[in-house]
Amino acid sequence: MTGRVQLALNVDNLEESIAFYSKLFGAEPAKLRPGYANFAIAEPPLKLVLLENPGRGGSLNHLGVEVSDTDAVDAEQTRLAQAGLASIDERDTTCCYARQNKFWVEGAPSGERWEIYTVLEDSQTFWGQDGAEDFARVKAAVDASTQDAQCCGAKAAAPKD
């Protein structure tokens with residue numbers, strides 16, 4: 001699999017976290033929106049996502065691998081299905097201020113959440129179709145959840161053939 005690893009962290013204070021990670025990686029955020037920032041680090045190849053989630057700072061939100069295009073998403077989903085791993089499919093979805101094609105891998109031994117995705121285009125909304133969701137609504141839903149905070153909702157789908 002080629003691409004770059006994504007590490008999405010919950011942070012208590014977005015501004016403090018941006019200042020720290022800007023110094024750590026010697027880079028400014030590639031995208032900055034209310035409650036959200038991401039860094040596209042060339043070396044080491046990393047997409048660092050910061051999700052402001054007071055009270056949950058320092059915890060893992062989810063992991064991912066960003067790939068070049070939808071064909072790469074499909075190829076990875078097929079490869080993982082052949083290896084016996086199920087997935088939850090999300091196509092033409094908006095998450096983290098980007099329209100994406102992706103899937104979530106199920107069955108990680110310790111419950112960690114992995115997504116394989118490609119960005120189709122930038123979005124003005126954090127989550128949802130056509131501006132149906134904004135960060136405040138997503139944050140409220142995440143805060144109300146008893147599960148670990150997650151970026152986006154998912155629709156169940158059978159593994160790809």
Side-chain angles (χ1 to χ4, degrees), residues 1-77 79-80 85 87-88 90-106 108-128 133-143 145 147-154:
M1 176 181 337
T2 59
R4 66 176 160 196
V5 171
Q6 174 189 278
L7 174 61
L9 299 175
N10 294 313
V11 299
D12 288 320
N13 183 297
L14 186 63
E15 288 181 23
E16 289 177 6
S17 297
I18 289 170
F20 174 82
Y21 287 107
S22 292
K23 290 175 189 173
L24 180 66
F25 291 111
E28 293 299 315
K31 186 183 288 189
L32 181 59
R33 298 283 174 17
Y36 175 90
N38 79 41
F39 291 80
I41 309 299
E43 285 299 320
L46 172 67
K47 176 91 161 258
L48 176 65
V49 175
L50 305 177
L51 298 159
E52 191 167 55
N53 197 353
R56 296 187 63 99
S59 65
L60 179 66
N61 187 285
H62 66 280
L63 300 157
V65 177
E66 182 180 25
V67 296
S68 60
D69 55 33
T70 299
D71 288 342
V73 171
D74 294 342
E76 288 306 314
Q77 192 169 25
R79 181 183 71 79
L80 293 174
L85 296 178
S87 63
I88 299 170
E90 282 190 271
R91 299 303 168 117
D92 195 25
T93 190
T94 299
C95 180
C96 301
Y97 296 101
R99 192 168 63 86
Q100 305 171 352
N101 279 338
K102 66 178 162 186
F103 67 92
W104 295 89
V105 180
E106 293 191 310
S110 297
E112 56 274 357
R113 293 175 40 85
W114 278 94
E115 68 176 331
I116 311 296
Y117 72 100
T118 191
V119 172
L120 302 173
E121 66 183 4
D122 202 37
S123 171
Q124 294 304 309
T125 57
F126 180 84
W127 188 25
E133 299 286 348
D134 62 17
F135 183 77
R137 290 178 60 194
V138 172
K139 185 177 178 319
V142 167
D143 289 346
S145 173
Q147 298 176 351
D148 287 339
Q150 57 186 345
C151 174
C152 300

Using modelled atom types only, decide if a donor and an acceptor are shared between the side chain of S123 and the backbone of T125 within a distance under 3.5 Å. yes

E16 and V11: side-chain contact (heavy atoms from CB on, under 4.5 Å), yes or no, with the steps? CA-CA 9 Å; E16 289 177 6; V11 299; over 6 Å; no

Out of curiosity, L60 CG to R113 CZ, how far, rounded to the nearest 0.5 Å? 10.0 Å

Stepwise side-chain contact (heavy atoms from CB on, under 4.5 Å) check, V119 with E66: CA-CA 8 Å; V119 172; E66 182 180 25; 3.7 Å; yes

Tell me whether the count of non-hydrogen atoms from other residues, nucleotides or ligands lying under 6.0 Å of CD in E121 goes above 12. yes

Among K102, E115, E90, which one satisfies side-chain contact (heavy atoms from CB on, under 4.5 Å) with C95? K102

Smallest separation among heavy atoms of P29 and S22, with atom names: CD-OG, 4.1 Å

Full working for side-chain contact (heavy atoms from CB on, under 4.5 Å) between L14 and L50: CA-CA 7 Å; L14 186 63; L50 305 177; 3.8 Å; yes

So does G55 get a backbone contact from the side chain of D12, meaning a donor-acceptor N/O pair under 3.5 Å? yes

Are the side chains of N101 and L120 in touch, meaning some heavy atoms are under 4.5 Å apart? yes

Quick one: do R99 and D92 satisfy side-chain contact (heavy atoms from CB on, under 4.5 Å)? Show the steps, please. CA-CA 6 Å; R99 192 168 63 86; D92 195 25; 2.5 Å; yes

For a 4.5 angstrom cut-off between non-hydrogen side-chain atoms, does F39 reach Y21? yes

Heavy-atom distance under 4.5 Å between the side chains of V73 and R91, does that happen here? yes

Step by step, would you call Y36 with Y97 a ring pair (Phe, Tyr, Trp, His ring centres under 6.0 Å)? CA-CA 9 Å; Y36 175 90; Y97 296 101; 5.4 Å; yes

